[in-house]
Novice: 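Let me begin by handing over the structure; questions about it come next.
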Amino acid sequence: MDEKLLLEFNTSYPLVKLFFYKKKFFAFDGKSSCLTQITIKDIKMLLKIAKNNDFRQDALGDFYGLLSNGVFLPGSLRSITPEKKDVEKNIKYNFDNVIPRKFIIEVTQECTLRCKYCYYSKNNENRVHAKTNMTHEIAKAAIDMYFKTYTNALQDLSSEKRTRVIKIAVPTLSWWGGEPFLNFELIKWTKEYFESLPWENYGITLNDLVYSVVTNLTLINSEIIDFLVNNNVYTFISIDGDKIQHNTNRIFPNGKGSYDVVESNLELLLGNNPEFCKKYVCLQAVQADNIDTIAAAKFINDTFKDKVINCQFLTQSYWNGEQKKKNKPIETFDFIFYENLYHTFDNLSSDEFYRMLSDNNNYYDLFKGIFEFENAISLDSPRGSNNFYRTFSCPIGIDVIFVAADGHLHMCNKSDYSYPLGDVSQGIDVNELKELYMKYYAAFCEQCKACWAFNFCKVCPATSMVNKTFRTKDIDMCRMSRFWLFDVVYSYIILQKYPKVYSLARKYYKEKLSKQSFLSNEGAIYKNEY
């Protein structure tokens, strides 16, 4: 396409993204989430409509039906977030319908390490390394609050629905730090107290309760290992790669790397409890900017993948507004790679294909992204508007219940603690929550109203808040969301050439979705959907 014509189209239709593949144009309309094939003639017609501002039926021609339903509307969005009255309604709806998905207590703010990328190490005035331990009184109040919130959500469900919900949104207790095992006595006590509550009144057995802990694994002994194994505790262990990569950031207070200690303790855990590790141990690696992330991931997969339930690779979070300055990359897509990949899949039997998806998380993540996109777009009767009221975030204060060591409630474990939403004695302060939402939405700027990927925006309120101020305008996540969607749309377009691969992948995705577990729950769970 002529560059001048493309520039003119992008200016007139900022919410429409054009994709070119095999001499064909495809248009994704962000306002209606419609993806359709389009011609140069169509593009010129749309430019004429936008230029003349003429929306009479005889002037619109073949586009009359689409435009009358809000598809291919020129210009930016007029509104993108809810108004104050709608925020109040959304909060009430969430607290009436969302089943808490995670319950996390910070048992201590003390840590054995001083990881360079950790929010505790970034001169954060609200969240710092301290010797603050959660008390039994705060822990008890937190657990009581969670129990009441969780069981209240089950009250009006039928026995059949309740059973389904409990399998998806399992009652859970997660221990967080600092390094949680520095307060191991409280961990043991909270588990006992958690199990002493009358779960059986709601059809919940002790076997339904799920426990998890996130640890740097610098503290381990036979008692801790026995506790983890005997109670089937999902154990998330931080290890960033081989010795060089890991020791770049994960250091003791004296500056010495922690790899040797972690590796030794991990081998102790793996060697004596192989079956437990295959079911309950997950390795988490931060893909920091200052390490060789490819080498780190290869080392972890090659060394540990077959010994644990999962290996997760996490993007480095930026705290206190710190962001590594990068040159803005140009949108590119490796057509040959994806065509060859789909062609390879096309020549596999169904069993071979499923085995590849099972063995390689990257392949499953590819199709997961594609089908999440397909589920979100309008294939049959697309409708759009210039006015949107996207909530953008998870249901704050109810989807994830996070209690800090001092008893304050925060958005989640990713926040900088600058905006507490209540405490364990009073619960969530709805007025504070409402103000938080309004500040969050106010941070979305005019640029957001002209973003074709706004419906897939992944700007998290917890990670974008710095000292009570939301920084949604300058964080790297905006760019990454657009690039992620850019890749997904092209992957989806090419996949249509391979109906066999599409069918097999879709079946695998649905089956895996139906078997959601504590490890795979990613989105809010609304009880009215069951």
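Everything numeric here is computed off the predicted structure, so don't read it as measured data.
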Novice: Under a 4.0 Å threshold between the charged nitrogen and the carboxylate oxygen, would Asp399 count as salt-bridged to Lys102?
Specialist: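 Result for this pair is no, no salt bridge flagged.
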Novice: Taking atom NE2 of His410 and atom OH of Tyr417, what is their separation to the nearest 0.5 Å?
Specialist: 5.5 Å
Novice: Could you tell me how the ring of Phe20 sits relative to the ring of Phe25: parallel (under 30°), tilted (30 to 60°) or perpendicular (over 60°)?
Specialist: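 Ring orientation of Phe20 relative to Phe25: tilted.
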Novice: Tell me every residue that passes side chain to side chain contact (heavy atoms under 4.5 Å, CB included) with Lys298, counting only those two or more places apart in sequence or in another chain.
Specialist: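 Listed in chain order: Asp302.
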Novice: Between Glu339 and Lys22, is the closest basic N to carboxylate O distance under 4.0 Å?
Specialist: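 Answer for the salt bridge query: yes.
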Novice: How many angstroms lie between CD1 in Ile396 and NZ in Lys434, if you round to the nearest 0.5 Å?
Specialist: 14.5 Å
Novice: Look up atom OG in Ser358 and atom CZ in Phe353, then write down how far apart they are to the nearest 0.5 Å.
Specialist: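 If I round to the nearest 0.5 Å, the distance is 12.0 Å.
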Novice: Could you go through Glu179 and Thr215, starting from their C-alpha distance and side-chain angles, then the distance that decides it, and tell me whether this counts as side-chain hydrogen bond (donor to acceptor under 3.5 Å, both in side chains)?
Specialist: CA-CA 6 Å; Glu179 169 48 48; Thr215 174; 3.0 Å; yes
Novice: If the threshold is 4.0 Å, N to carboxylate O, is there a salt bridge linking Glu372 and Lys368?
Specialist: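 Salt bridge: yes.
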Novice: Can you see whether Asn90 engages Thr391 through a side-chain donor-acceptor pair at a distance of less than 3.5 angstrom?
Specialist: no
Novice: Mind jotting down which residue pairs meet the ring pair (Phe, Tyr, Trp, His ring centres under 6.0 Å) criterion with at least one end in residues 247-270? Sequence neighbours excluded, please.
Specialist: His246-Tyr259
Novice: Taking atom CG of Asn272 and atom CD of Glu267, what is their separation to the nearest 0.5 Å?
Specialist: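 The distance works out to 10.5 Å.
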Novice: Name the orientation class of the two ring planes belonging to Phe392 and Tyr440 (parallel below 30°, tilted from 30 to 60°, perpendicular beyond 60°).
Specialist: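 Because their plane-to-plane angle is over 60°, the rings of Phe392 and Tyr440 count as perpendicular.
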Novice: So Tyr498 and Tyr342, would you call those rings parallel, tilted or perpendicular, with 30° and 60° as cut-offs?
Specialist: tilted
Novice: In Å, rounded to the nearest 0.5 Å, how long is the span from CD of Glu263 to CG of Leu270?
Specialist: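 Nearest 0.5 Å value for the CD-CG distance: 9.5 Å.
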Novice: Please enumerate all residues that pass ring pair (Phe, Tyr, Trp, His ring centres under 6.0 Å) together with Phe388, with sequence neighbours excluded.
Specialist: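 If we apply the ring pair (Phe, Tyr, Trp, His ring centres under 6.0 Å) test to Phe388, skipping adjacent residues, the hits are Phe454.
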Novice: Mark yes or no: Lys449 above the aromatic ring of Phe444, with NZ or CZ under 6.0 Å from the six-membered ring centre and no more than 45 degrees from the axis.
Specialist: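 No, Lys449 and Phe444 do not form such a contact.
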Novice: Dump the intermediate steps for side-chain contact (heavy atoms from CB on, under 4.5 Å) on Leu18 and Phe26, then the final yes or no.
Specialist: CA-CA 6 Å; Leu18 296 178; Phe26 298 84; over 6 Å; no
Novice: Thr469 and Asn467: side-chain hydrogen bond (donor to acceptor under 3.5 Å, both in side chains), yes or no, with the steps?
Specialist: CA-CA 5 Å; Thr469 301; Asn467 293 326; over 6 Å; no
Novice: Are Tyr492 and Tyr490 close enough, and set up right, to give a ring-ring contact (aromatic ring centres under 6.0 Å, His included), and what steps lead you there?
Specialist: CA-CA 5 Å; Tyr492 178 75; Tyr490 262 128; over 10 Å; no
Novice: From Ile105 CD1 over to Ser174 OG, what is the distance, rounded to the nearest 0.5 angstrom?
Specialist: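 Between atom CD1 of Ile105 and atom OG of Ser174 there are 9.0 Å.
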Novice: State whether a side-chain donor-acceptor pair under 3.5 Å links Glu432 with Tyr419.
Specialist: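 Side chains of Glu432 and Tyr419: pair found under 3.5 Å.
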Novice: For a ring-ring contact (aromatic ring centres under 6.0 Å, His included) check, start with the C-alpha distance between Phe486 and Phe19, then their side-chain angles and the critical distance, and finish with the verdict.
Specialist: CA-CA 9 Å; Phe486 179 83; Phe19 297 83; 5.8 Å; yes
